[in-house]
Protein chains: 2
Amino acid sequence: MSAIDANIPAAAAPTGKAETILAAAQRTFLASGFGAASMDAIAREAGASKATVYAYFASKEELFGAVVARESERYAEGFSAGELDSADVEASLAIIANRFLRLLLSPDVIAINRIIVGEVTRFPALAEVFWQAGPERIRVQVEGFLRRAAETGALDIADFRLAAGQFASLVRGEIHQRTLFGLGTPDAATLSAAAGNAVATFLKAFGAKL
Amino acid sequence: MSAIDANIPAAAAPTGKAETILAAAQRTFLASGFGAASMDAIAREAGASKATVYAYFASKEELFGAVVARESERYAEGFSAGELDSADVEASLAIIANRFLRLLLSPDVIAINRIIVGEVTRFPALAEVFWQAGPERIRVQVEGFLRRAAETGALDIADFRLAAGQFASLVRGEIHQRTLFGLGTPDAATLSAAAGNAVATFLKAFGAKL
DNA sequence: GTCTATAATTGGATAGAC
DNA sequence: GTCTATCCAATTATAGAC
């Protein structure tokens with residue numbers, strides 16, 4: 001695996017019936033959204049009857065919650081910045097930016113992002129689950145790297161928390177919004193360029209002056 | 001009106017029945033989302049019968065499209081950067097950042113943003129309408145200001161389009177995502193601080209070195 | 001636990017009177 | 001154009017057999 005792969009862990013193969021149903025629900029919800037996904041479709045996708053689905057999950061809402069919790073957990077699971085070389089800041093930031101962007105733009109993450117934003121009025125608690133499992137964990141990783149890198153003298157940062165957020169914002173940039181809106185899927189070159197531009201601007205702002 | 005007000009034009013008071021229905025549909029869709037808003041509720045909100053609603057709009061989808069188009073049009077209508085003083089770059093950027101952030105975080109814009117993201121699979125065309133009317137128009141305004149400001153020698157920018165996008169990303173920052181996810185509403189002080197932080201970092205990256 | 005069949009409700013859309 | 005009343009399809013949820 002290349003260093004800039006998104007490194008999203010594959011979902012565990014479903015073992016019991018509950019897992020099968022959960023996996024089917026996940027595919028259906030992520031593909032259609034909460035409202036457009038029917039329990040009929042989920043049962044069909046799982047190769048089970050609706051009654052069986054209801055034997056494991058009391059309602060559509062509960063099933064949805066279980067899917068979101070499960071998928072959120074996977075979100076940032078494979079995202080780390082701990083092993084990166086804090087001496088070579090530019091290269092390490094480029095790796096982080098590429099990983100982050102590939103994770104953010106991966107179809108599953110885009111899909112769950114869309115659905116949570118769309119249903120936040122009906123399911124406010126799920127957004128919190130997603131936030132803690134995803135964006136927050138990533139920000140912590142980035143902040144940790146920035147602190148280590150600053151110790152080598154390569155970065156000049158006063159507020160690490162703020163800087164980590166700004167780095168993430170620069171990396172997300174326009175391309176994340178555009179993908180969320182379904183306006184084209186960037187190819188690998190576009191994506192690497194976006195990551196590079198974000199790192200370049202971040203270093204112009206926070207790179208230590210010689 | 002203070003210089004940093006979001007300056008969102010109020011919707012025109014509804015005149016005919018069609019306008020009344022459109023306005024009612026807007027309130028209902030923005031409050032509940034597409035799926036959860038029923039034609040019954042919209043008719044009730046408009047003080048009309050469902051049959052009347054269908055006399056003006058052939059289907060729920062068409063009505064939704066009309067609402068999104070109308071609301072998108074209002075989005076960036078009141079956002080301008082044309083009158084700002086390109087000599088005082090920092091102050092002008094602060095004004096832009098504050099206007100932009102207040103616009104982005106206003107309840108109506110957040111609501112329509114959520115609903116478009118949530119329904120992008122079902123209504124891909126609406127996202128394009130929204131993008132052109134909103135984010136794109138704002139980026140153009142920002143890019144125009146950066147070009148004028150660069151002529152005074154206060155900014156050192158190679159790619160204006162990119163820089164405008166990065167400025168917008170820095171301003172949006174974490175706070176926009178958090179608000180979209182319904183995780184708290186920032187007060188005025190938080191908001192001004194966020195705008196200030198974005199401008200400061202942008203100028204560290206692109207301010208002309210003395 | 002799992003299925004088939006069905007109840008109960010909701011919600012999009014329309015017919016027909018005025 | 002507007003209303004009341006209604007149709008019909010879809011969907012959530014469950015009863016009852018095995």
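Throughout, protein chains are lettered first and strands after them, A, B, ... in sequence-line order, and every chain is numbered starting at 1. Predicted, not measured: the structure shown is a model, and the values here were computed from it.
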(request) Among dT4(D), dC3(C), dT2(D), find the nucleotide with the atom closest to the side chain of Ala48(A). (result) dC3(C)
(message) So, does Thr52(B) get its side chain near the phosphate of dC3(D), meaning an N or O under 4.0 Å from OP1 or OP2?
(response) yes
(message) Taking only side-chain N and O atoms of Tyr54(B), does any of them lie within less than 4.0 angstrom of OP1 or OP2 on dA13(C)?
(response) yes
(request) Pick base, sugar-phosphate or nothing for Ala37(A), based on heavy-atom distances below 4.0 Å to the nucleic acid. (result) sugar-phosphate
(request) Compare all side-chain heavy atoms of Gln177(B) with those of Arg172(A) and state whether any distance is below 4.5 angstrom. (result) yes
(message) If I take atom CD1 in residue Ile21(B) and atom C1' in nucleotide dG1(D), what distance separates them, rounded to the nearest angstrom?
(response) 10 Å
(message) Under 4.0 Å, counting only non-hydrogen atoms across every strand here, what does Ser49(A) touch: a base, just sugar-phosphate, or nothing?
(response) base
(request) Calculate the interatomic distance between Glu62(B) atom CD and dA13(C) atom C1'; express it in whole Å. (result) 13 Å
(request) Flag the pair Phe100(B) / Phe167(B) as yes when their ring centroid distance falls below 6.0 Å, and as no otherwise. (result) no
(request) Look at atom CD of Glu45(B) and say whether more than 12 heavy atoms of other residues, nucleotides or ligands are closer to it than 6.0 Å. (result) yes
(request) Could you check how far CE of Met39(B) sits from P of dG12(C), rounded to whole Å? (result) 7 Å
(request) Measure the distance from CD1 on Ile42(A) to C1' on dA10(D) and round it to the nearest whole Å. (result) 15 Å
(request) Using a heavy-atom cut-off of under 4.0 Å over every strand shown, decide if Tyr56(B) touches base, sugar-phosphate, or nothing. (result) sugar-phosphate
(message) Given dC3(D), dT11(D), dA13(D), identify the nucleotide with an atom nearest to the side chain of Ala51(B).
(response) dC3(D)
(request) Tell me which nucleotide among dA15(D), dG11(C), dT11(D) gets nearest to the side chain of Asp40(B). (result) dG11(C)
(request) Quickly work out the Leu63(A) CG to dA13(D) P distance and round it to whole Å. (result) 10 Å
(message) Between C1' on dG11(C) and CD on Glu61(B), what's the gap in Å once rounded to a whole number?
(response) 12 Å
(request) Report the nucleotide, chosen from dT2(C), dT14(C), dT11(D), that has the shortest atom-to-atom distance to any side-chain atom of Lys17(A). (result) dT2(C)
(message) Would His176(A) and Asn113(A) count as a side chain to side chain contact (heavy atoms under 4.5 Å, CB included) here? Give the steps.
(response) CA-CA 11 Å; His176(A) 182 221; Asn113(A) 208 321; 3.7 Å; yes
(request) Using atom CZ of Phe57(A) as one end and atom P of dT12(D) as the other, report the distance to the nearest whole Å. (result) 15 Å
(request) Would you indicate which nucleotide in dA15(D), dT14(C), dT2(C) comes nearest to any side-chain atom of Lys50(B)? (result) dT14(C)
(request) Would you sort out whether Gln132(A) and Arg137(A) count as a side chain to side chain contact (heavy atoms under 4.5 Å, CB included), showing the intermediate values? (result) CA-CA 6 Å; Gln132(A) 290 302 328; Arg137(A) 261 154 61 167; over 6 Å; no
(request) Please state how far atom CD in Glu19(B) lies from atom P in dG1(D), giving the value in whole angstrom units. (result) 14 Å
